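We use all heavy atoms of the structure for the numbers below, so side chains are in, but hydrogens, waters and symmetry mates are not. Residue numbers start from 1 in every chain, and the chains themselves are labelled A, B, ... in the order their sequence lines are given, proteins ahead of strands. Here the structure is a predicted model, which means the values were calculated and not measured.
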There are 2 protein chains.
Amino acid sequence: MPLAYLLRDSLRPPSSLVERKGPTAPRSGKGTYVAERKIAQPLQRLTSFTEDMQARGLRPASRVLDQDLLPAPLELAQALAVAPGAELVRIRRLRLADGQPLAMEASHLPHALCPGLRDVDLSAHSLYEVLRTRYGIRLGSAKQTIEASEPVAEERELLQMPEHVPVLRLHRLTCGDDGTLVEFTRAVYRGDRYQLHVELR
Amino acid sequence: MPLAYLLRDSLRPPSSLVERKGPTAPRSGKGTYVAERKIAQPLQRLTSFTEDMQARGLRPASRVLDQDLLPAPLELAQALAVAPGAELVRIRRLRLADGQPLAMEASHLPHALCPGLRDVDLSAHSLYEVLRTRYGIRLGSAKQTIEASEPVAEERELLQMPEHVPVLRLHRLTCGDDGTLVEFTRAVYRGDRYQLHVELR
């Protein structure tokens with residue numbers, strides 16, 4: 001079906017089909033193939049990175065860059081409705097898909113909601129799974145903003161990005177199913193490897 | 001409410017609140033103000049550019065760049081499920097918000113669905129309004145992809161973009177409420193002026 005072909009098939013970006021001239025991405029193959037397609041994420045369901053990657057047959061991995069406590073700066077305190085200076089757990093992770101750097105995520109959670117989270121091994125487990133199984137926190141909804149942006153130097157380096165490739169910058173505020181503000185995340189995805197899908201009505 | 005403040009208030013981009021250091025966008029004022037804030041679009045409702053801008057108190061305007069007929073290239077024929085070479089109406093518009101260039105949109109519709117559309121004045125009317133009132137076409141749903149990208153030279157020039165500012169590139173396939181494939185649109189929004197919002201569950 002053309003519709004599915006155009007907008008659903010993550011193996012070939014729509015842009016290569018209908019907009020840009022130039023060589024077409026290979027439809028099968030090995031090696032550089034992962035780097036040449038874009039990974040499409042369905043937008044409206046609240047899923048973890050781990051679930052997203054597994055759903056499309058890619059092997060997710062995380063490298064934890066930081067996992068520490070910090071006093072909430074004013075902006076994060078406002079976002080999470082905690083007192084300025086309240087303890088937050090900060091988890092910064094490099095996200096990989098089939099071994100290739102795809103995104104950087106910085107998650108911030110009120111420590112009072114998840115004491116001890118700083119010491120949990122998150123390179124092997126989904127944060128959302130840990131929240132559910134260890135803290136009984138089930139996520140209910142999130143508000144997300146999306147913008148196109150230039151990466152900063154650290155992002156470009158960690159994501160091993162070529163020059164002049166932009167990023168998709170996502171900010172997400174996630175609530176538990178009881179409405180508690182649980183997590184504020186800033187994520188940066190390689191623009192040349194990542195694509196969002198959304199259905200509108 | 002912090003949540004609303006952070007993710008809802010289009011007068012200050014979230015990125016300036018919680019991520020980047022630097023001068024804060026002014027909260028009131030004239031002149032350059034429009035150019036310094038980002039315009040946030042709620043994602044999940046299918047609205048026209050005209051409706052979007054009006055909903056947030058901005059004056060929408062369009063400059064029609066092309067409005068012509070062309071034989072459907074293979075990719076657009078596949079997208080719209082018409083025969084290759086079938087007549088399409090193509091409408092390319094520069095979109096402005098309060099007089100500032102914000103986006104370029106190229107819409108493609110099967111001419112058989114909307115004969116005479118080539119000659120309708122679309123600088124003053126919403127395409128979606130014309131489809132409804134003149135052709136009885138009510139739009140039902142759309143599938144959209146979103147990616148971050150570098151603008152090409154023509155886009156940068158028409159949108160009057162500074163160097164090294166990326167764009168949000170949106171592709172949208174829109175169906176009528178009876179499931180007919182009505183429109184395939186490629187849109188390019190200035191990354192420094194535009195932001196999408198989405199709610200996840």
### Query
Can you tell me how far the CD1 atom of A/Ile146 sits from the CD1 atom of B/Ile146, to the nearest 0.5 Å?
4.5 Å
### Task
Output all residues satisfying salt bridge (charged side-chain N to carboxylate O under 4.0 Å, His left out) with B/Asp68, sequence neighbours left out; order by chain, then residue number.
B/Arg90
#### Entry: Results of side-chain contact (heavy atoms from CB on, under 4.5 Å) for A/Leu158 - residues two or more places apart only
A/Leu65, A/Leu94, A/Met104, A/Glu154
## Note on the structure
CD of A/Gln195 to NE2 of B/His171, rounded to nearest 0.5 Å, is 8.5 Å
### Message
What's the separation between atom CG in B/Leu168 and atom CG in A/Leu168, rounded to the nearest 0.5 Å?
### Response
6.5 Å
#### Entry: Where B/His164 and A/Glu150 come nearest, the two heavy atoms and their spacing
O-CG, 3.0 Å
### Query
What pair of heavy atoms forms the shortest contact from A/Pro166 to B/Ala148, and how long is it?
CG-C, 3.8 Å
#### Entry: A/Glu157 CD: over 12 foreign heavy atoms closer than 6.0 Å
no
